[in-house]
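Letters go in sequence order (proteins before strands), and every chain restarts at 1. Computed from a predicted model, the values in this text were never measured in an experiment. Computation of the quantities below employed the complete heavy-atom set of this structure, encompassing side-chain atoms and omitting hydrogens, waters and symmetry-equivalent molecules.
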There are 2 protein chains.
Amino acid sequence: MEKKQNTLYVGSLAKGLRLLRAFDESHTELSLVALAERSGLDKSAVQRLANTLHIEGMLDKDPVTRRFRPSHAWLELAYAYYWSDQLVGQAIPKLIDLSQEIGETVNLAELSKDHIIYVSRLPCQRTYFAATVIGRRLPALSTSGGRAIISTFSPEDREEAIETWPLKAFTPRTTLDRATIRNSIDEAVQQGHAISSDQMILSEIGVACPITGPDGRAFAAVQCSVSAHTWTRERIRAEILPRLQDTANAISPSSQVHRR
Amino acid sequence: MEKKQNTLYVGSLAKGLRLLRAFDESHTELSLVALAERSGLDKSAVQRLANTLHIEGMLDKDPVTRRFRPSHAWLELAYAYYWSDQLVGQAIPKLIDLSQEIGETVNLAELSKDHIIYVSRLPCQRTYFAATVIGRRLPALSTSGGRAIISTFSPEDREEAIETWPLKAFTPRTTLDRATIRNSIDEAVQQGHAISSDQMILSEIGVACPITGPDGRAFAAVQCSVSAHTWTRERIRAEILPRLQDTANAISPSSQVHRR
DNA sequence: CGAAGCGTATCATATAATAATACTTGATAT
DNA sequence: ATATCAAGTATTATTATATGATACGCTTCG
């Protein structure tokens with residue numbers, strides 16, 4: 001057992017967490033052996049750990065198929081998260097106003113290492129399910145929100161992000177060329193907002209403004225996704241951008257302290 | 001150590017989970033000793049477990065205050081949950097349509113033991129923060145959604161719920177008298193929907209229709225919250241209810257299998 | 001009917017978690 | 001400045017506790 005050998009590290013707990021993380025969009029319910037395969041733990045360990053998680057209410061178990069599933073407790077954790085995140089509380093009312101004004105889907109994205117994570121989503125039009133689910137984590141470089149955030153970094157940090165942060169192709173048109181991304185971010189530096197097309201879904205245009213901390217560095221973004229069938233970049237700039245910008249500014253904490 | 005002494009029960013994992021559950025709306029960041037107090041574990045244990053959770057990315061640690069906070073990973077768990085819940089995927093597009101039509105806050109609530117839990121929320125008007133956060137768990141008897149669900153139970157189950165499920169005063173006007181609640185639920189049995197006022201927040205009216213499984217028994221509800229200042233029960237019944245009912249019916253799985 | 005796959009149960013062993021203790025740090029007050 | 005206190009951090013001997021190999025039982029297929 002080559003564990004992080006540290007007396008302040010509880011291996012069993014870490015293993016249990018790996019079980020939780022074995023579930024994702026394409027693994028929504030898992031059998032005992034499937035859990036073992038995905039977590040890399042052996043059958044006996046999974047048996048004990050999954051049983052514990054079940055007893056503690058963290059995993060539901062289908063009495064007939066014997067498969068495990070995320071339980072409602074996972075949502076309760078999200079509930080606790082929301083109360084702990086200062087930003088969300090301040091942002092929500094303003095985001096609601098914005099979505100009502102423009103009648104399009106509005107998102108709040110926070111920086112999470114080199115990804116962005118959608119913290120709040122207010123869908124206004126029918127969209128893909130994935131576009132409505134909170135907690136989605138996407139490469140920062142591939143999203144308008146991430147680019148807007150990066151655009152507020154110092155030139156050095158910006159360059160490092162552009163050069164080293166991960167990329168992944170989601171559509172045939174997802175930009176994988178870092179030079180092109182650099183142009184997009186440079187544009188965002190000039191204009192104070194980022195626009196991207198076809199990055200996550202084809203015919204989708206994203207526009208985002210950074211939410212900056214007192215130091216001027218952004219740690220989140222307000223983002224709006226619209227269909228390229230009904231919107232052009234010009235119309236977005238004319239009709240959506242001003243309000244989006246106002247909302248982002250209104251949310252940005254100018255003096256008060258916030259979490260990193 | 002008087003643990004559930006069972007070789008299939010991993011105590012350390014269970015303890016770690018208790019740490020996660022120590023966070024809620026009024027405990028958004030916790031120090032080491034605060035965690036120890038809230039979890040009932042001793043300082044050394046919390047030190048080890050919290051450290052593990054931190055290393056594994058489940059807890060953020062403020063480098064200056066040394067306090068722990070829920071991390072973005074908690075939202076990723078919610079993300080995984082959403083994909084595993086069949087109902088949400090089917091319901092979301094219809095809920096979006098509904099909220100756009102009526103211009104009021106729409107919620108999807110699922111039954112979770114004797115509580116309901118808000119799984120999806122589409123806020124349309126500014127409201128209290130608590131009314132916008134998913135994962136909120138409320139006594140089923142005190143919500144229109146819960147009463148709508150209970151109204152589909154067999155008379156025996158209904159009675160048991162009314163008599164034994166928990167109640168809690170959230171406002172001075174929260175109904176704590178079970179006879180009154182029985183009347184409300186009986187009404188729901190007759191009419192196919194439940195209406196309640198001032199239960200969670202003063203001057204708030206909730207109206208809900210059950211989402212029933214193939215067996216006719218509900219396991220979720222579509223719910224709409226409006227302000228008593230702008231709405232009367234009559235207007236709600238005339239303008240909101242028909243569409244709410246349609247939406248609930250459209251979501252209800254008639255033949256396909258679903259989670260319990 | 002036999003085999004295969006999966007979930008469940010048992011148990012001897014030593015690893016890995018424990019809790020007591022002591023050390024470090026930083027804040028507050030004297 | 002110095003003392004005091006509370007909270008976080010580090011270390012250690014001890015044994016309780018997690019481990020994983022093995023065996024059993026139940027379905028499902030071919």
From CG of A:N51 across to C1' of C:dT10 the rounded distance in Å is 15 Å

Discussion item. If we count only N and O atoms by modelled type, under 3.5 Å, do the side chains of A:Y79 and B:E25 hold a donor and an acceptor together?
Written reply: yes

Inset, instruction - Please check the phosphate of C:dA16 (OP1 and OP2 only) for any side-chain N or O of A:T7 closer than 4.0 Å. - result: no

Rounded to whole Å, the CG-C1' distance (B:L13 to D:dT19) equals 15 Å

A:R48 NZ/CZ over B:Y9 ring centroid, <6.0 Å and within 45° of normal
no

Between CG of A:L49 and P of D:dA18 the distance, given in whole Å, is 10 Å

Backbone N or O of A:G57 within a donor-acceptor pair of the A:S71 side chain at under 3.5 Å? yes

Separation of C:dT18 atom C1' from A:Y9 atom OH, nearest Å, is 18 Å

### Query
Do side-chain atoms of A:W165 reach the backbone of A:P139 as a donor and acceptor pair under 3.5 angstrom?
no

Within residues 32-43 of chain A, the residues having a heavy atom closer than 4.0 Å to DNA chain C are A:L32, A:V33, A:K43

- Under 6.0 Å between the ring centres of A:W83 and B:F129? yes

Between CZ of B:R48 and C1' of D:dA16 the distance, given in whole Å, is 12 Å

Between CD of B:Q47 and C1' of C:dC23 the distance, given in whole Å, is 12 Å

| task | State whether a side-chain donor-acceptor pair under 3.5 Å links B:H54 with B:N51. | result | no

Between CG of B:L53 and C1' of C:dA17 the distance, given in whole Å, is 15 Å

* Can you find a donor-acceptor N/O pair under 3.5 angstrom joining the side chain of B:R66 to the base of C:dG26? -> no

Does a side-chain N or O of B:K15 approach OP1 or OP2 of C:dT18 to a distance below 4.0 Å, or not? yes

Whichever of B:A45 and A:L30 has the more 5' nearest nucleotide on DNA chain C, that residue is A:L30

From CG of A:L8 across to P of C:dA19 the rounded distance in Å is 14 Å

Notebook entry, point to check: Are any of the side-chain heavy atoms of A:V119 and B:L75 separated by less than 4.5 Å?
Noted result: yes

### Task
Kindly indicate whether the side chain of B:I150, heavy atoms from C-beta on, has any atom under 4.5 Å from the side chain of B:L141.
yes

Closer than 3.5 angstrom, by distance alone: can the side chain of B:S252 be matched with the main-chain N or O of B:T212 as a donor-acceptor pair? yes

Below 4.0 Å: OP1/OP2 of D:dG8 and any side-chain N or O of B:S31:
yes

Axis-to-axis angle for the helix from C:dC1-D:dG30 to C:dT30-D:dA1, ends of five pairs each, to 10°, equals 40°

Walking DNA chain C from its 5' end, the first of A:V10 and A:R67 to be reached, judged by nearest nucleotide, is A:R67

